Amino acid sequence: MQKLQNYIDGKLVEPISKVYIDNYDPSKGEVYSLIPDSMKEDVNNAVVAAQKAFPGWSSTSAEKRSQILLRISSLIESNLDRLAEAECRDNGKPISLAKAVDIPRAATNFNFYATAILHYASESHAMGDLGFNYTLRQAIGVAGCISPWNLPLYLLTWKIAPALAAGNCVVAKPSEVTPMTAYLLSEICIEAGLPAGVLNIVHGYGNKVGAAISAHPDIPVVSFTGGTETGAEIARIAAPMFKKLSLELGGKNPNIIFEDCDFEKMIETTIKSSFSNQGEICLCGSRIFIESGIYDKFKAAFVAKTNELVVASPTDQNTNLGAIVSEGHMNKILSYIKLAQEEGGTVLTGGNQVTLSGEYSNGWYIEPTIIEGLSYDCRTNQEEIFGPVVTLLPFSNEEELLIMANSTKYGLSATIWTENLSRAHKLAAKIHAGIVWINCWLLRDLRTPFGGVKNSGVGREGGFEALNFFTEPKNICLKL
Ligand code: NAD
């Protein structure tokens with residue numbers, strides 16, 4: 001069975017403990033590879049390697065750093081099939097999605113920041129005859145990057161690329177649930193000629209490797225994407241050490257549908273915003289608010305379209321929903337469906353585990369599920385489920401809608417469907433969210449600020465925001 005290795009100081013190495021964790025193929029519910037069960041000492045070794053590499057990498061010209069990152073980007077592109085197959089097997093997501101979204105986006109992340117760094121400039125503030133100031137934006141040192149399992153290579157590279165482009169060295173920790181593409185990335189970095197120690201990838205559990213990164217005194221900056229509770233735990237450790245922190249956390253996003261929307265476009269996109277990646281995207285619109293006048297029309301059309309979705313092996317080209325990432329997560333989703341029924345909800349379609357036949361019979365699958373009849377403030381409508389489960393809630397005016405839409409502790413994203421753009425803009429300004437889509441969903445321009453408010457996070461990724469995060473501004477004042 002394949003044993004993954006840590007990537008430390010430019011080499012693929014065993015964990016110090018020599019102990020490995022089982023890695024599951026969720027489509028079959030069986031172990032198919034082994035992940036290093038790393039400890040604090042492995043993280044220490046990675047930090048030493050990163051510190052050793054930092055003076056060289058941070059003083060390498062932006063052009064040279066850019067060239068190496070572009071090589072990584074093109075190697076990801078040329079390994080598209082291999083990486084997509086690995087992501088599909090490790091996570092359970094449909095192969096079509098991994099090929100069209102996850103892996104191309106990982107290549108784009110490197111490409112985007114490899115070129116962004118060439119256009120990154122800092123400010124100067126003139127004081128007339130008195131003098132002037134200029135701001136240096138300097139790499140900080142060793143950055144810690146911790147990422148989740150839902151978009152494994154996509155989100156890992158979204159952190160690593162700006163950190164490296166800005167001249168930092170990195171100690172990264174991918175999710176222990178989906179480590180495979182991070183391991184393949186370490187092979188790619190070696191092939192691309194990334195100098196030893198510039199990027200280190202340490203595999204293992206969050207409460208060992210992740211906690212060691214959060215607490216390490218020589219990691220002054222931590223970028224984390226994952227659950228809100230984990231983010232709070234990282235902040236508890238890192239904030240008193242005055243580390244720079246970026247936290248991208250959970251969501252419970254409203255998808256708001258007005259009577260005057262373009263119905264066909266809305267239905268087509270709402271199917272995607274509800275069930276893409278088995279609903280395991282932080283930006284999925286899990287609470288669907290529908291203006292009363294079209295509630296019945298929407299319900300009929302949405303249930304009919306949902307019933308056409310194919311739940312099957314992720315390797316099948318026609319699959320719409322693949323496997324849920326782990327047995328534990330599948331059980332969590334199923335327990336929320338049960339809770340919704342206990343809270344008085346009616347399951348309009350779905351609601352059950354799916355058992356496939358043959359070699360996939362032990363895999364973890366759930367039907368796309370639509371629930372109605374719940375109050376906006378019940379647990380089902382307040383807590384993140386992170387699976388193929390959405391609720392329908394009617395509304396009759398904007399005042400009522402805003403109270404319901406803004407009622408959760410989260411504030412990541414929202415979608416508004418209306419042809420009345422004046423209304424859309426006014427509403428967008430009042431919604432508690434870091435990202436609002438009008439008449440679309442997940443339309444991304446990588447230059448825009450990405451992140452959430454309230455318990456969905458602190459800080460913004462994307463564009464120059466990420467380069468600002470991974471650099472420290474230093475003002476230099478000269479008196480003339
Ligand atoms: P998670 O919080 O369980 O794990 C995320 C990462 O943190 C993993 O690598 C994990 O090993 C590590 N970790 C766990 N405990 C840790 C600790 N004590 N200290 C340091 N690191 C620790 O999240 P998950 O289940 O992998 O991912 C799902 C969550 O991620 C959902 O809540 C989802 O909304 C969120 N998410 C947010 C965004 C965003 O951009 N806001 C994007 C994707 C996913």
Side-chain angles (χ1 to χ4, degrees), residues 21 23 35-38 40 43 90-91 93 101-102 105 109 144-159 171-179 181-182 201-216 219 222-239 243 245-253 276-286 324-326 328-330 332-333 336 383-387 408-413 433-435 442 444 448-462 465-466:
I21 306 164
N23 187 26
I35 317 158
D37 183 4
S38 308
K40 197 168 140 188
V43 173
D90 220 21
N91 171 277
K93 66 178 67 216
V101 178
D102 290 74
R105 174 60 190 276
N109 288 340
C145 297
I146 305 174
S147 54
W149 49 255
N150 65 324
L151 299 162
L153 192 63
Y154 173 138
L155 289 176
L156 183 72
T157 54
W158 183 231
K159 297 184 182 304
V171 175
K173 192 206 105 54
S175 170
E176 66 278 20
V177 184
T178 52
T181 48
I201 300 179
V202 185
H203 293 274
Y205 289 118
N207 60 5
K208 291 188 190 172
V209 178
I213 289 174
S214 312
H216 201 293
I219 299 183
V222 176
S223 174
F224 168 77
T225 298
T228 294
E229 279 176 24
T230 315
E233 173 62 12
I234 290 172
R236 193 183 64 75
I237 295 169
K243 296 191 180 202
L245 275 180
S246 167
L247 303 172
E248 299 291 338
L249 311 176
K252 188 76 180 173
N253 311 304
S276 290
N277 207 42
Q278 300 74 243
E280 297 164 337
I281 301 180
C282 55
L283 305 162
C284 277
S286 53
I324 301 296
V325 75
S326 68
H329 192 56
M330 177 185 73
K332 179 190 153 189
I333 297 167
Y336 268 105
E383 298 175 15
E384 186 184 43
I385 299 173
F386 214 55
T408 75
K409 64 181 183 183
Y410 297 107
L412 189 54
S413 72
I435 303 148
L442 210 41
R444 292 280 289 121
T448 59
F450 180 92
V453 299
K454 305 200 287 191
N455 288 20
S456 289
V458 178
R460 292 291 179 275
E461 298 185 325
E465 300 266 355

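One is the number of the first residue; the rest follow in order along the sequence. Quick caveat, the model's predicted, so the values are computed rather than measured. Counting starts at 1 for both ligands and their atoms, in listed order.
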Which atoms of ligand 1 have any heavy atom of [X] under 4.0 Å away?
X	result
N150	43 (C), 44 (C)
L155	42 (C), 43 (C)
A211	19 (N), 20 (C)
G227	1 (P), 2 (O), 23 (O), 29 (C), 30 (O), 32 (O)
I234	19 (N), 20 (C), 21 (N)

Under 3.5 Å, is there a donor-acceptor pair between the [X] and [Y] side chains?
X	Y	result
Y336	E383	yes
N23	D90	yes
K159	S147	no

Polar contact flag for [X] and ligand 1 (N/O pairs, less than 3.5 Å):
X	answer
L249	yes
S147	yes
T225	no
E384	yes
S456	no
E176	yes
W149	yes

Quiz prompt | Qualifying residue, where the test is side chain to side chain contact (heavy atoms under 4.5 Å, CB included) with I435 and the options are N253, L283, L442, T448 | solution =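 The single option meeting the side chain to side chain contact (heavy atoms under 4.5 Å, CB included) with I435 is L283.
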
Quiz item: Would you say S456's side chain and G250's backbone share a donor-acceptor pair under 3.5 angstrom?
Solution: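 The answer is yes, because a donor-acceptor pair under 3.5 Å joins these two groups.
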
Quiz item: Taking K243 for the side chain and H216 for the main chain, is one N or O donor matched with an acceptor at less than 3.5 Å?
Solution: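 Answer holds: yes.
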
Quiz prompt | From the candidates S175, G210, P148, the one that places a heavy atom nearest atom 21 (N) of ligand 1 | solution =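 Heavy atom nearest to atom 21 (N) of ligand 1 belongs to G210.
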
Practice problem: Check whether any protein heavy atom sits under 4.0 Å from atom 4 (O) of ligand 1. | Solution: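 No; the ligand atom in question lacks any protein heavy-atom contact below 4.0 Å.
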
Practice problem: Take every heavy atom of G451, measure it against each atom of ligand 1, and state whether any distance is under 4.0 Å. | Solution: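 So G451 does not count as touching ligand 1.
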
